[in-house]
Amino acid sequence: MRKKRWTWTASAAAALVLAGCGTAAQGGSSGSQAGQAAGNADSKPVVTLTFGFWGDAKEEAVTLAAVKAFEKAYPNIHIQTEFGGPFNQYFTKLSTEVAGGNAPDIMQMDYDYIEAYAKEGQLLNLKGAKGINLSTISPSVLKSGYIDGGLYGIPNAIDCYSMIYDQNAFAKAGYHGQRVSWGQWAAILEKVHKLTGKWAEDDDENWQTFGYWARQQGQHLYNASGTKLGFAQSTLVSYLNYWANLRREGAVPPGTVTSLIKQAADPTDPMVPGKSLAEMTWDAYIVSFQSEMTKPLGMALPPYQPGGPEGLYLKPSQFWSIYSKTKYPQQAELFVNFLLNNVSAGKALGLDRGIPVSSTVRAALQKAGLSRPEQQEFTLTDQALKVATPIDPPPPQPNKEIDQDFGNMVQAVQYGKETAQQGAEQFMQEANDLLQNGGE
């Protein structure tokens, strides 16, 4: 078995959200196929469906509100919620449930995991499902849920990487949301730090952000077959050194602070109490951040690499998937359709999970009026759509362990236990070993 030198717990990556396009009428209890399925389900005895999802406290609250709206509309179906907490914690719990054959009937699924769960036979193929109205979702958006010709997840939202920052603090440094290069961004962070005495940005080193960095070098996290890493060691070293330089300048926090962060917008995140002033994360988090903070936040596209290809992409922030062993597939489809297409559910969920993929729900939310951070999400989406390039294929199955190893390696470098060169070399060696032969 391979031996690991890193023993720190990896920082959790952020997680979620944003939107797509499409046309058609509202699903739920309408007269569509989904509506007809609702009538059939409504005639059956009361059943209980389990529903697993991740998120922060706000996302838990809005999800419970949507569940309540569903149970009011369909009193013959009870939803037993299983809130899994932050992203990494949720998937740790889900993997245990799947191994025990008792996964939730409906589960929130992520792009990085959907292929593995589908190929292991844990997800129901929803291609041709009559209980879910898919006509409100853009075909290009829906395509992300297909694996080997089967539809194993219905995208609920799409999001992209963004820079969320303290608008007033960065304005003092001359930054007003314009897109800048990585070098320019570092200079801005150092200036903000000198002006405020605070960390200008969280130390946002993680596997996900590095993937964005690698794409700007014309490289990827994995090769096309998923059997090897898809980037050069020098690319990873340059990434680690970029953040190491910012740490030395005091522009980002030390590893002792970064290692404690559980999730974006969580109380452990130094940006929430104003100890740091920016964070690179999924755009939907601006809603959670702004709800916890009094100072106005700005939002911008993340830095670019001069002369390099565009690294930005739109990602399904999450899917709704159905457990392959559910006893109630029809009712589960009805619930997924309600979350996607019902306006009351859409209003309950708001934009905490991103801009809805359903054209009907999206239009209803815009008509009802948006808060400032919600409008910022819509605006950033429009900007991203103009430059975004296609997303990489879903990662290979060892991605979860590689992600954790990457976080452990980053913390070793942050703590000064490894140089960037040493950490990158050891990480790539072990990751390629895992990809090629399972680490044996």
Side-chain angles (χ1 to χ4, degrees), residues 14-18 56-59 159-206 209 212 242-243 245-254 257-258 260-304 312 350-352 354-355 369-384:
L16 337 153
V17 263
L18 243 121
D56 56 23
K58 180 67 181 300
E59 288 167 334
D159 72 320
C160 68
Y161 243 29
S162 70
M163 191 61 68
I164 300 174
Y165 59 93
D166 184 313
Q167 199 168 53
N168 294 335
F170 276 76
K172 293 177 182 178
Y175 182 74
H176 303 283
Q178 65 272 27
R179 199 175 189 196
V180 296
S181 70
W182 285 100
Q184 291 171 325
W185 182 246
I188 291 168
L189 293 179
E190 290 174 15
K191 188 173 183 180
V192 169
H193 171 62
K194 290 177 181 177
L195 288 171
T196 64
K198 298 182 178 182
W199 298 311
E201 183 185 346
D202 286 1
D203 189 335
D204 292 318
E205 292 178 87
N206 56 64
T209 306
Y212 171 65
Y242 179 87
W243 293 100
N245 290 335
L246 290 172
R247 278 196 302 277
R248 279 193 293 270
E249 295 294 329
V252 300
V257 173
T258 304
L260 298 176
I261 301 174
K262 295 180 179 179
Q263 182 171 318
D266 185 270
T268 58
D269 190 326
M271 189 173 170
V272 173
K275 294 180 180 179
S276 68
L277 302 173
E279 184 164 326
M280 195 183 308
T281 186
W282 299 109
D283 51 2
Y285 273 108
I286 193 169
V287 175
S288 297
F289 273 125
Q290 194 63 85
S291 69
E292 298 290 337
M293 303 170 69
T294 56
K295 294 181 179 180
L297 298 175
M299 174 180 275
L301 295 178
Y304 66 90
L312 194 68
L351 299 186
D352 283 271
I355 301 173
L370 300 170
S371 66
R372 181 177 180 273
E374 290 171 342
Q375 185 57 58
Q376 287 173 294
E377 279 190 66
F378 271 87
T379 300
L380 193 81
T381 303
D382 291 339
Q383 295 174 359

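FYI, side chains are in, hydrogens and waters are out, and symmetry mates aren't considered; it's all heavy atoms of this structure. Residue numbers count from 1 along this sequence.
Across Ile164 and Asp283, no two heavy atoms sit closer than the pair CD1-O, 4.2 Å. Shortest non-hydrogen contact noted between Ala300 and Gly177 is CB-O, 3.4 Å. Across Ala200 and Leu189, no two heavy atoms sit closer than the pair CB-O, 3.2 Å. The heavy-atom pair separating Thr281 from Phe289 by the smallest distance is CG2-CE1, 4.3 Å.
Tyr175 places none of its side-chain heavy atoms less than 4.5 Å from the side chain of Val192. Residues Leu312 and Arg179 have side chains in contact (heavy-atom distance under 4.5 Å, counting atoms from C-beta outward). Two residues are said to be in side-chain contact when any heavy atoms from C-beta on lie closer than 4.5 Å; Pro303 and Met280 meet this criterion. Contact of the Tyr285 side chain with the Met299 side chain is not registered, since no non-hydrogen atoms from C-beta on lie closer than 4.5 Å. Side-chain contact between Cys160 and Thr381 is absent, with no heavy-atom pair separated by less than 4.5 Å. Counting heavy atoms from C-beta outward, Gln290 and Ser371 have side chains that stay 4.5 Å or more apart. At a threshold of 4.5 Å between non-hydrogen side-chain atoms, the residues Leu351 and Leu370 count as touching. Within the 4.5 Å cutoff, the side chain of Gln184 has no heavy atoms near those of the Gln178 side chain.
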Requested in this report: Please step through side-chain hydrogen bond (donor to acceptor under 3.5 Å, both in side chains) for the pair Ser288 and Asp56, ending with a clear verdict.
Outcome: CA-CA 8 Å; Ser288 297; Asp56 56 23; 3.0 Å; yes

Query raised in the report: Run the side chain to side chain contact (heavy atoms under 4.5 Å, CB included) check on Met163 and Glu201 step by step: do they pass?
Result: CA-CA 10 Å; Met163 191 61 68; Glu201 183 185 346; 4.1 Å; yes

Requested in this report: Let me see the working for Thr209 and Tyr161 under side-chain hydrogen bond (donor to acceptor under 3.5 Å, both in side chains), right down to the final yes or no.
Outcome: CA-CA 8 Å; Thr209 306; Tyr161 243 29; 2.6 Å; yes

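For Trp182 and Tyr304, the gap between ring centers reaches or exceeds 6.0 Å. Ring centroids of Phe170 and Trp185 are separated by less than 6.0 Å, placing the two rings close together.
Atom-to-atom distance recorded for Leu246:CG and Asp204:CG is 10.5 Å, nearest 0.5 angstrom. Expressed to the nearest 0.5 Å, how far CZ of Arg247 lies from OG1 of Thr258 amounts to 7.5 Å. Note that CD of Glu374 and CD of Gln376 are 10.5 Å apart. Values are rounded to the nearest 0.5 Å. The NZ atom of Lys191 sits 9.0 Å away from the CD1 atom of Ile188 when rounded to the nearest 0.5 Å.
Side-chain N or O atoms of Ser276 include one that pairs as donor or acceptor with a backbone N or O of Met271 at under 3.5 Å. Under the 3.5 Å distance criterion, the side-chain polar atoms of Glu279 are left unmatched by any main-chain donor or acceptor of Asp269. With Asp166 contributing its side chain and Asn168 its backbone, the two residues share a donor-acceptor pair below 3.5 Å. At least one donor-acceptor pair closer than 3.5 Å links the side chain of Lys198 to the backbone N or O of Gly274.
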